[in-house]
There are 2 protein chains.
Amino acid sequence: MTMDSSPLGLRERKKRAVRANLSAIALRHAQERGVSQVRIEEIAAEADVSPRTFNNYFPSKEAAIIDSATMRAERLCELLAAQPAGTSLHDALTAALMTLFEDEPDRDWISRARLIRAEPSLFAEAAKADVAIEQAVALEIGRRTGVDGTTCLAPRLAAATVVAAIHAAVAFWLDADNGTLREVIGQAMSQVRIADIAPDAA
Amino acid sequence: MTMDSSPLGLRERKKRAVRANLSAIALRHAQERGVSQVRIEEIAAEADVSPRTFNNYFPSKEAAIIDSATMRAERLCELLAAQPAGTSLHDALTAALMTLFEDEPDRDWISRARLIRAEPSLFAEAAKADVAIEQAVALEIGRRTGVDGTTCLAPRLAAATVVAAIHAAVAFWLDADNGTLREVIGQAMSQVRIADIAPDAA
DNA sequence: CATAAATTTGCGTATCACGCAATATTTCTG
DNA sequence: CAGAAATATTGCGTGATACGCAAATTTATG
């Protein structure tokens with residue numbers, strides 16, 4: 001059991017490639033034909049893997065379509081963890097978001113986002129993912145502030161609020177494209193209150 | 001086409017009864033055996049309807065199990081609409097929530113809530129429902145404040161924040177049962193900012 | 001009671017998720 | 001480098017589901 005995480009062995013690289021490929025194909029099919037007409041069999045054929053392998057990577061076509069969006073979300077936690085300890089929770093979260101949305105979303109991101117909002121089954125899958133993000137963020141906030149989410153409402157509330165802000169900002173930005181998404185996210189964060197959390201106060 | 005909505009014709013009453021029955025049976029089975037072991041066929045048999053009929057009411061067993069929770073959520077919009085026009089948005093939402101959680105949840109509600117949080121497939125279904133609520137609340141807020149959600153971020157943000165608050169409060173209350181759910185919801189709302197919305201300000 | 005409207009039902013079909021065991025590939029070890 | 005160990009892919013089989021469709025049943029209307 002040797003752990004070299006930098007060069008990333010052939011095995012892991014291949015897996016990631018297959019995963020990304022499957023996801024991309026699934027997304028394209030969904031955009032061209034509509035989600036209900038996407039067939040796992042065809043995705044697998046186009047990716048040169050067996051249908052069974054598709055289900056080794058994803059439990060459903062919806063999950064495959066959503067996948068890259070999910071991965072982007074995981075970055076939020078890392079970015080939050082990377083924020084300096086001195087800043088307030090609100091500022092740290094805002095800074096993390098500003099970094100996360102540093103570069104404006106490209107065409108693919110946007111079209112996928114629109115697709116997700118248009119197709120109920122994708123919407124549901126995305127909602128599921130959002131909840132997962134929320135939990136991860138809550139955990140990271142707990143770690144950062146030294147307050148257990150079980151003991152105190154605040155960490156969960158903060159996490160839920162952030163996710164809500166992102167959610168609302170993206171939805172709004174997609175409908176009425178005024179300014180950059182980054183700006184809209186900033187607006188949302190400025191209108192929202194995130195209570196600071198102290199380890200001692202119950 | 002006669003519209004008597006008070007006495008509610010036999011037809012509608014029967015439908016509601018069947019729906020409630022199916023949902024209740026589905027929930028019980030899920031609690032007894034776990035969601036994955038719930039069989040639509042058995043639910044239908046116990047409710048004295050055909051399996052096909054089950055799928056006329058619900059697209060999946062998860063939807064059936066969640067159903068009553070979904071219905072409770074619809075009340076939030078009605079309650080919000082019923083709030084007097086003079087009060088601030090934050091106060092109106094808080095008041096609506098205080099009414100919604102007026103009577104403390106009973107055993108069934110709690111055990112269902114716990115089940116939902118324990119079972120991923122139910123969790124996903126609930127998340128889907130939450131998004132639907134959010135949209136409905138956003139619409140109602142837009143109506144109340146006279147601001148279109150397409151034009152302005154605020155209504156969506158407010159709706160998302162409220163749902164987030166409920167979400168966090170319930171999650172926290174289920175884990176650490178300190179005080180009543182009503183109180184926790186109140187705490188959450190007091191820690192959250194809901195910007196007031198004026199119809200003229202863009 | 002007769003007719004119209006809506007609901008339930010049975011049937012058939014296209015997917016799908018997933019366990020399992022065999023096979024192929026990559027990685028590790030000497 | 002060769003064999004062994006670990007891991008991934010594949011094919012197969014099964015149980016379950018969602019849903020369109022048309023016939024049969026139930027409810028509503030005059």
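Note that the coordinates shown come from a computational prediction; the quantities given were computed from them, not determined experimentally. Protein chains get the first letters and strands the later ones, always in sequence-line order, with residue 1 at the start of each.
Remark: A:E41 CD is loosely packed, at most 12 non-hydrogen atoms of other residues, nucleotides or ligands lying under 6.0 Å away.
Minimum atom distance to the side chain of A:I40 is reached by C:dC16, of the listed C:dC16, D:dA16, D:dA18. Nearest to the side-chain atoms of B:T53 among the listed nucleotides D:dT27, C:dT8, D:dG20 stands C:dT8. Of the listed nucleotides (D:dT17, C:dT7, D:dG11), C:dT7 has the atom at the smallest distance from the side chain of B:R11. Comparing atom distances between the A:K14 side chain and each of C:dT25, C:dG10, D:dT10 picks out C:dT25 as nearest.
Using a 4.5 Å cut-off on side-chain heavy atoms (C-beta onward), B:I185 and B:T180 make no contact.
The NE2-C1' distance, from B:H29 to D:dA16, rounds to 17 Å in whole Å. Rounded to whole Å, the distance from CZ on A:R33 to P on C:dT15 is 11 Å. Regarding A:Q37, its CD atom lies at a distance of 18 Å from the P atom of D:dA18, rounded to whole Å. Rounded to whole Å, the distance from CZ on A:R19 to C1' on D:dT7 is 17 Å. What separates CD of A:E41 from C1' of C:dA17 is a distance of 15 Å, to the nearest Å.
Residues forming a ring pair (Phe, Tyr, Trp, His ring centres under 6.0 Å) with A:F58 (at least two apart in sequence, or on another chain): A:F54.
Nearest-nucleotide mapping onto DNA chain C: of A:F54 and B:S50, the residue sitting toward the 5' end is B:S50.
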For a salt bridge (Lys or Arg N to Asp or Glu O under 4.0 Å) check, start with the C-alpha distance between A:E12 and A:K15, then their side-chain angles and the critical distance, and finish with the verdict. CA-CA 5 Å; A:E12 196 60 21; A:K15 279 190 73 170; 5.3 Å; no
Working note: B:H29 + B:E46, criterion side chain to side chain donor-acceptor pair (under 3.5 Å); need CA distance, chi angles, decisive distance, verdict. CA-CA 11 Å; B:H29 284 200; B:E46 196 171 325; 2.8 Å; yes
Assess whether salt bridge (Lys or Arg N to Asp or Glu O under 4.0 Å) is satisfied between A:R156 and B:D175, documenting all intermediate values. CA-CA 12 Å; A:R156 295 181 202 246; B:D175 280 357; 2.6 Å; yes
Starting from the C-alpha separation in whole Å, work towards a yes-or-no answer on side chain to side chain donor-acceptor pair (under 3.5 Å) for A:S68 and A:R112. CA-CA 10 Å; A:S68 34; A:R112 184 180 56 221; 2.6 Å; yes
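Remark: A:R13 is not in phosphate contact with C:dT26, judged by side-chain N or O atoms under 4.0 Å from OP1 or OP2. Residue A:N55 has no polar side-chain atom (N or O) positioned under 4.0 Å from OP1 or OP2 of C:dC18. Listed pair A:K15 / D:dA8 meets the phosphate criterion, a side-chain N or O lying under 4.0 Å from OP1 or OP2.
Backbone-only engagement by A:V38 is indicated by non-hydrogen atom pairs under 4.0 Å involving sugar-phosphate atoms exclusively.
Applying the 3.5 Å distance criterion, the base of D:dG20 shares a donor-acceptor pair with the side chain of B:R52.
Contacts between residues 56-69 of chain B and DNA chain C, defined by a heavy-atom separation under 4.0 Å, are made by B:N56, B:Y57.
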